[in-house]
Amino acid sequence: MSTKSVRNPLRDERDKRLPRIAGPCGLVIFGVTGDLSRKKLMPAIYDLANRGLLPPGFALVGFARREWADQDFEQVVYEAVKKHARTPFRQEVWDRLAEGCRFVQGSFDDDVAFDNLVETINDLDRVRGTGGNHAFYLSIPPGAFPAVCRQLARSGLSAQTPDQWRRVVIEKPFGHDLSSARELNKVVNEVFPEESVFRIDHYLGKETVQNILALRFANQLFEPIWNSNYVDHVQITMAEDIGLGGRAGYYDGIGAARDVIQNHLLQLLALTAMEEPVSFEPAALRAEKVKVLSATRPAQPLDETTARGQYAGGWQGGQKVPGLVEEAGFAPDSTTETFAAVELEVNTRRWAGVPFYLRTGKRLGRRVTEIAVVFKRAPHLPFDSTATEELGENALVIRVQPDEGITLRFGSKVPGTAMQIRDVTMDFGYGHAFTESSPEAYERLLLDVLLGEPSLFPMNDEVELSWKILDPVLKHWAAKGSPEEYKSGTWGPPSADAMMARSGRHWRRP
Ligand SMILES: NC(=O)c1ccc[n+]([C@@H]2O[C@H](COP(=O)([O-])OP(=O)(O)OC[C@H]3O[C@@H](n4cnc5c(N)ncnc54)[C@H](OP(=O)(O)O)[C@@H]3O)[C@@H](O)[C@H]2O)c1
């Protein structure tokens, strides 16, 4: 009897649960002395090693201008791991990781430094068995991306063979507008084919963001009402309560829309609004995101459908806080916005007529990221108007962070002899439903880079389409001059409320 068709469901189940472990490889971090590398990348690498997801001979190479020996670098990684790792410190894991740490000193315009890097990598292939497979993480000022890509090409480090992969990881911002994004993609794609380019949008590494796909496409409950017949509008918010002290170098001249809307919020919109992909293969998923982003544009007129603000000094959490222009490093006449809101339309059969409102800001009321799908009111209420006066719209809120989970809001009878209806919520919390703690976004994304799994990384088309959506808004704002002021600790400038009030809607106060 043939055994070919015999399927053991228990075994299949077990196979799916096997951890995904990276094959032999190494990671080179450019800009290894920087903030991102210390706070996120080094700890994530240790956490992956601690969870047994890195190959035994894994190698970590740091590249920066400091005059460090390998031991100095090792010490820096050690301190970053001790301070920021998510999982407990284990000496044997650390010892194994430390054996594979190397440092190459040099600047991006220094050919000799890159030739030294080639030697270091060749040596690691010999002594650590990294097999010629290496990822290059550009954790550096965005202006330096082209120079490093060209050096990787010149030195031969970007060259792949059928048995040896080379990948590049790029941090946001991916350009400043559509034309600079196209230019950057062109330079990067001259050196690395698109399937070897991993653009990090760390929001896509969050469990709650991946859960949007599970919620929509693994259930029968939500998808039938996920359209303009039932949905009134969608609000996507990323609010922070902190200011920009110490981040002027990065933020001044960039602003909230470029920093957050172009990447994180438009990716959240794409996952919320896209059609079901034919499979979860990367190409199929990305194709749906590209389709929905192609159909998205700002609602008009921009004076009424956008809002822009800059935080002024004030009180927040019982503390006196400075305004943006009093923060170190910002010009006293800086026109950089710290709050941005836009109304977008998604011109598809599913979404025509449903506004998508995106907003982000610093020094707002609280730190929260959420997607709120707000439903239309029931067409008829067979109650006295006094019975339902406290009733809002039904809403499904995906809480991306903090307090990760999902809330469903609906009307319920207030206990008592009268028929009175008020909003109540039904809550799902990750922390309550699952015992496993979620990995950090950078853990998931770094592992995907090493495994060559590109689903959670925006591709060049998505990046360019996002800029195409945002460019007209940025041009409109640039022509208008200074942004409106808002008090720290509030929910943005008055124009943000006005843009909603015109259609009788209001922002949620999360
Ligand atoms: N920090 C975050 O949380 C965060 C979040 C999202 C995205 N990002 C992005 O991640 C990247 C890194 O951010 P970061 O905050 O870590 O930046 P950072 O603290 O300013 O670090 C920049 C790094 O680049 C190196 N560098 C600069 N010019 C160099 C040159 N000519 N030759 C060699 N090395 C050079 C510096 O090394 P030296 O020691 O030699 O100066 C330093 O290690 C940026 O693209 C940023 O936009 C950061």
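Numbering of ligands and ligand atoms starts at 1, following listing order. Side chains are part of it too, since the values below use all heavy atoms of this structure and drop only hydrogens, waters and symmetry mates.
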Polar atom proximity, Ser37 to ligand 1 (N or O, under 3.5 Å)
no

Of all protein heavy atoms, the one nearest atom 25 (C) of ligand 1 is Gly31 CA, 3.7 Å

Would you verify that at least one protein heavy atom lies under 4.0 Å from atom 20 (O) of ligand 1, or report that none does?
no

Would you call the rings of Phe103 and Phe73 parallel, tilted or perpendicular if under 30° counts as parallel and over 60° as perpendicular?
tilted

Arg51/Glu443 salt bridge by N-O under 4.0 Å criterion:
yes

Report the relative orientation of the aromatic rings in Tyr46 and Phe89; use parallel for angles under 30°, tilted for 30 to 60°, perpendicular for over 60°.
parallel

Pick from Asp110, Ile170, Ile140: the one approaching atom 11 (C) of ligand 1 most closely through a non-hydrogen atom:
Ile140

Is there a heavy atom of Ala147 sitting under 4.0 angstrom from any atom of ligand 1?
no

Going by heavy atoms, is Ala144 under 4.0 Å from ligand 1?
no

How far is atom 22 (C) of ligand 1 from its nearest protein heavy atom, and which residue and atom is that?
Pro141 CD, 3.9 Å

Any heavy atom of Val32 under 4.0 Å from ligand 1? The part involved is backbone

With nothing but distance in play, are any N or O atoms of Ala64 less than 3.5 Å from an N or O of ligand 1?
no

Should Pro173 be listed as contacting ligand 1, given a heavy-atom distance under 4.0 Å as the test?
yes

Identify whether the distance between the nearest side-chain nitrogen and carboxylate oxygen of Glu79 and Lys82 falls below 4.0 Å.
no

Checking heavy atoms under 4.0 Å, the part of Glu171 that sits near ligand 1 is side chain

Report the nearest protein non-hydrogen atom to atom 27 (C) of ligand 1: residue, atom name, distance rounded to 0.1 Å.
Arg65 NH2, 3.5 Å

With the threshold set at 4.0 Å, does a side-chain nitrogen-carboxylate oxygen contact exist between Glu370 and Arg399?
no

Could you walk me through whether Phe63 and Phe114 pass ring-ring contact (aromatic ring centres under 6.0 Å, His included), step by step?
CA-CA 9 Å; Phe63 185 108; Phe114 279 80; 4.9 Å; yes

Under 4.0 Å, heavy atoms only, figure out whether ligand 1 is touched by the backbone of Phe30, its side chain, both or neither.
neither

Identify, for atom 13 (O) of ligand 1, the protein heavy atom at the shortest distance, and state residue, atom and that distance.
Leu36 CB, 4.1 Å

Could you tell me whether Phe145 and Phe30 have their ring centroids closer than 6.0 angstrom?
no

For Arg86, is there an ion pair with Glu440 - N to carboxylate O distance below 4.0 angstrom?
no

Protein heavy-atom partner closest to atom 42 (C) of ligand 1 - residue, atom, separation in Å
Thr33 OG1, 3.3 Å

I'd like to check atom 17 (O) of ligand 1 in this structure: does the protein have a heavy atom lying under 4.0 Å from it?
no

Tell me if the CD atom of Glu67 is crowded by more than 12 foreign heavy atoms within 6.0 Å.
no

Is Arg258 paired with Asp177 through a side-chain N to carboxylate O contact shorter than 4.0 Å?
no

Tell me which protein heavy atom sits closest to atom 15 (O) of ligand 1, plus the residue, atom name and distance to 0.1 Å.
Asp35 CB, 3.6 Å

Let me see the working for Asn211 and Glu207 under side chain to side chain donor-acceptor pair (under 3.5 Å), right down to the final yes or no.
CA-CA 6 Å; Asn211 195 35; Glu207 293 283 348; over 6 Å; no

Distance filter under 4.0 Å to Tyr250 heavy atoms, resulting ligand 1 atoms
47 (O)

State whether Asp448 and Arg20 are salt-bridged, where the test is any N-O pair (Lys NZ or Arg NE/NH1/NH2 against Asp/Glu carboxylate O) under 4.0 Å.
yes

Under a 4.0 angstrom heavy-atom cut-off, which atoms of ligand 1 come close to Gly106?
33 (C)

With atom 34 (N) of ligand 1 as the reference point, say which of Phe63, Phe108, Tyr442 has the nearest heavy atom.
Phe108

Parallel under 30°, tilted from 30 to 60°, perpendicular over 60°: which one fits the rings of Phe136 and Phe192?
tilted

For atom 47 (O) of ligand 1, what is the nearest protein heavy atom, given as residue, atom name and distance?
Lys172 O, 2.9 Å

